[in-house]
Amino acid sequence: MTSKIGFGSQFADSVAAGWNNFIGFVLGSISYWPFLLIIPILIILFRKWRKRKVQSPK
């Protein structure tokens with residue numbers, strides 16, 4: 001990042017830095033795809049297990 005004096009230059013630098021941070025966040029979030037796949041499957045399995053446990057006679 002360059003340090004320029006004018007408001008317009010600083011604004012443009014801030015927008016560029018914000019965009020780069022956003023792209024980094026999106027790309028970083030993509031690396032968590034296994035968890036985004038595994039967690040809903042575990043929740044579904046847990047709900048099915050709990051439902052079956054409640055319905056079974058003692």
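Throughout, numbering of the chain's residues begins at 1 and tracks the sequence.
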Worksheet item: Y32: which other cluster members, linking ILVMFWY side chains closer than 4.5 Å, directly or transitively?
Response: F35, I39, I43
Item to complete: Starting at CG of L42, measure out to CG of L37 and round the result to the nearest 0.5 Å.
Response: 10.0 Å
Fill in: K51 side, atom NZ; F46 side, atom CZ - distance, nearest 0.5 Å
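Rounded to the nearest 0.5 Å, the NZ-CZ separation comes to 14.0 Å.
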Compile the donor-acceptor pairs under 3.5 Å between side chains in residues 22-31 and protein atoms, sequence neighbours left out, one pair per line.
unit_1: S29; atom_1: OG; unit_2: F25; atom_2: O; d: 2.8
unit_1: S31; atom_1: OG; unit_2: G28; atom_2: O; d: 2.5

